[in-house]
Amino acid sequence: MTLRFFIRQLVTDAARKAAAALNVQLPEGFIPRIDYTPDLKFGHYASPAAMELAKVFKLPPRAIAEKIIAALDNAAFEKVELAGAGFINFTLNQNGIAKALAFHSLDAWLKASESETQKDKIIFEYVSANPTGPMNIVSARAASVGDSITRVLKTAGHDVHREYYVNDYGNQVEMLGLSFAYRYLQKFKSVTLPETCYQGEYISDYLESLLASVEIPAAVKLSADKVTKLNQNDWLAEAARFFSPLGVKAILGEQQKDLAAFRTEFDNFFSEASLHEKGAVLAIGAELKKRGKIKVEEGAEVFLSTEYGDDKDRVVVRSDGRPTYLLADIAYHNTKVARGFKTIVDIWGPDHHGYIARLSGALKALGFGEQAGESFKVIIAQQVNLMENGEPVVMSKRLGKFQTMRDLIEKIPVDVCRYFFVTRALSTHLDFDLTLALDQSKKNPVYYVQYAHARIHSIFREAGYDAAKPLSLTEALPSLITAENPERMALFFNLMRFPELVHDIARNYEIQRLPEYLYQTATLFTSFYHGKNNRIKDLLVSQPAEAEALLQLCSLTAQVLETGLKLLGITAPQEMHREEEV
RNA sequence: GCCCUCGUAGCUCAGUGGAUAGAGCGUUGGUCUCCGAAGCCAUGUGCGCAGGUUCGAUUCCUGCCGAGGGCGCCA
């Protein structure tokens, strides 16, 4: 159980008693807010509950706060004070603090705190890059954020499914096949690649590996002799059909390699083509029609998305009878509903924001969201600007060393990439500073956090402890936390917040708060480490019991840093080695 | 034209409607006989403008100004 949850229960009880005594009704489902005090000198936690209740109770906040304090079970508190306009400040005593430490390790504590989560079945879709070329930097950002958020959701106790939607159907896939065909033809004959084809050199590279590893059927196989008497258009059509699925497979394989190198995992890669093959796409169109949400205009079937706040109605079946991408996406999201997910979250690229209204409208039209707890949320991953020496890096072909996710991974360590990508809210533009990313000094925050972790392991090595095994936390630890040792107290209460932060992020998806927290933890630890009274090496001789307790504090810090970094897909090294400057 | 994101310290940015708005970088000055100096300590006249909602607004709403991005019977 987290301390915040514990206090919230006590305040809820007290507010209920206060309401009964005053003969007023608490608002339906009232849950008092429990915040952190702006400074530990005010106490450890604070609640503005009395201010929130002022209107309902028709009393001044301070008067309500007094009633709540009077009704509060205060066994866990050293003091409970009324402050400011009506804040209730809580200072825990050692019994209270020990509540959180009853689990002896961070893992056990997190596990026990899962019960505070309203467990949900969540599907998270992210990256979903088109299988027509290498992934770009925004995909890397989405991968990093999606992966980290889902790790947090799991830790908080949710049932999470991570999915990648593969657009392996339609025009662009045919165009991909045609691009391969042209590149193949170019090996024997000078032809110009049409503008509609994929221009990237990577097509030729993939073609070569395909030619080396796959049996090419006679109808497609070319030779110098055959090219002279070729019916070019017929051959191109045939060859495009042949290369199309192979090209998708090859490119998807490369994408998966990059994702693995980036330590991002998916539970499933969902094929769009599989929906078309099953007839699920046209079937969902029929379902919308049955529900009266389709009109026919110039021979095309049009979804009435304006009924759901869209700018205009959207074509879902073209006048020639072929479904649009939107209809396939509706069918895809319908499978998410059918698979029993209550919370559906998508991370999309910046070019898709206009798409939210029509898809969420379609889900509403199909009845999703009518039941309690059902929600559909889209997070837009905004663009990434690469910066070098304070100047934007132009991503032109000529200058662009950093056009793709792979370029990025090859140049910048994954630990650094992943840290940088999660330091800003996904929905805001991100300047990615390559100069700072390559900097191994203190300027680079990820190394600062890792350094603090490594330093703790160094302390354990020096003290003759096995650093690989976390120390079991005992009641000796809270006894350290006294006002005479502000560094210990600041560090300790920061550590107490970690499980609370996990729950917050699981609720609001604001992953950027985690790297910020870890940096803060590293700073507080380093201050503690330099504190005159905290020299474990000396205390081991003079005050072995206190040294043991301090080692527990260090161990808990290391567990928090390691677990936090792991949630971000970043390693927690036990020793740091700086690469020599060349 | 419509939509999205952003405007906080010299710079890059934090800040689930609450108490004295915080970090890093940069600047300047201290600091290693001592568990790792990738460190620590000190150093600041800042919420774009105008309304509104609220007991309370940097936070929510509206308008304006400024910056970036996006708006297909492509996927």
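All values derive from a computational prediction rather than experimental measurement. All chains are named by letter (A, B, ...) in the order of the sequence lines, taking the proteins before the strands, and each is independently numbered beginning at 1.
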Item to complete: Spell out yes or no: do the side chain of A:Lys55 and the base of B:U54 have one donor N/O and one acceptor N/O closer than 3.5 Å?
Response: no

Discussion item. Between B:A19 and A:Asn89, counting only base atoms on the nucleotide and side-chain atoms on the residue, is there a donor-acceptor pair under 3.5 Å?
Written reply: yes

Practice prompt. Quick one: label A:Ala83 by what it contacts on the DNA or RNA (base, sugar-phosphate, nothing), any heavy atom closer than 4.0 Å.
Written response: base

Discussion item. Heavy atoms only, 4.0 Å cut-off, all strands: where does A:Asp35 land among base, sugar-phosphate and nothing?
Written reply: base

Response to the item:
Taking for A:Asp39 and for A:Ala454 the nucleotide of RNA chain B with the nearest heavy atom, the one nearer the 5' end belongs to A:Asp39

Worksheet item: Heavy atom of residues 56-68 of chain A under 4.0 Å from RNA chain B: which residues?
Response: none

Worksheet item: Which residues, if any, of residues 416-433 of chain A bring a heavy atom under 4.0 Å of RNA chain B?
Response: A:Arg424, A:Ser427, A:Thr428, A:His429, A:Asp431

May I ask you to check whether [Y] and [X] place their ring centres under 6.0 Å from each other?
X: A:Phe5; Y: A:His503; answer: no
X: A:Phe432; Y: A:Phe421; answer: yes
X: A:Tyr164; Y: A:Tyr126; answer: no

Worksheet item: Does B:A19 have A:Phe42 stacked on its base, where the ring centres are within less than 5.5 Å and the planes differ by under 30°?
Response: yes

Item to complete: Indicate for each nucleotide in nucleotides 70-75 of chain B, in 5' to 3' sequence, whether protein heavy atoms under 4.0 Å reach the base (B), only the sugar-phosphate (S), or nothing (-).
Response: B--BSB

Practice prompt. Indicate whether OP1 or OP2 belonging to B:G15 is found under 4.0 Å from a side-chain N or O atom of A:Gln512.
Written response: yes

Item to complete: Identify, with sequence neighbours excluded, every residue that meets ring pair (Phe, Tyr, Trp, His ring centres under 6.0 Å) alongside A:Tyr451.
Response: none

Discussion item. Is the shortest side-chain heavy-atom distance between A:Leu326 and A:Tyr355 below 4.5 Å?
Written reply: yes

Worksheet item: So what is the 5' to 3' dot-bracket string for RNA chain B, if pairs are Watson-Crick or G-U wobble with both distances under 3.5 Å, crossing pairs use [ ] and | means the partner sits on another strand?
Response: (((((((..((((....[...))))..((((.......)))).....(((((..]....))))))))))))....

Worksheet entry | Residue A:Pro38, side-chain atoms from C-beta onward, closest of B:U20, B:A19, B:A14 | B:A19

Give every pair of a protein N or O atom and an N or O atom of nucleotides 41-44 of chain B that lie under 3.5 Å apart, one pair per line with the distance.
from, atom 1, to, atom 2, distance (Å)
B:C41, OP1, A:Ser527, OG, 3.1

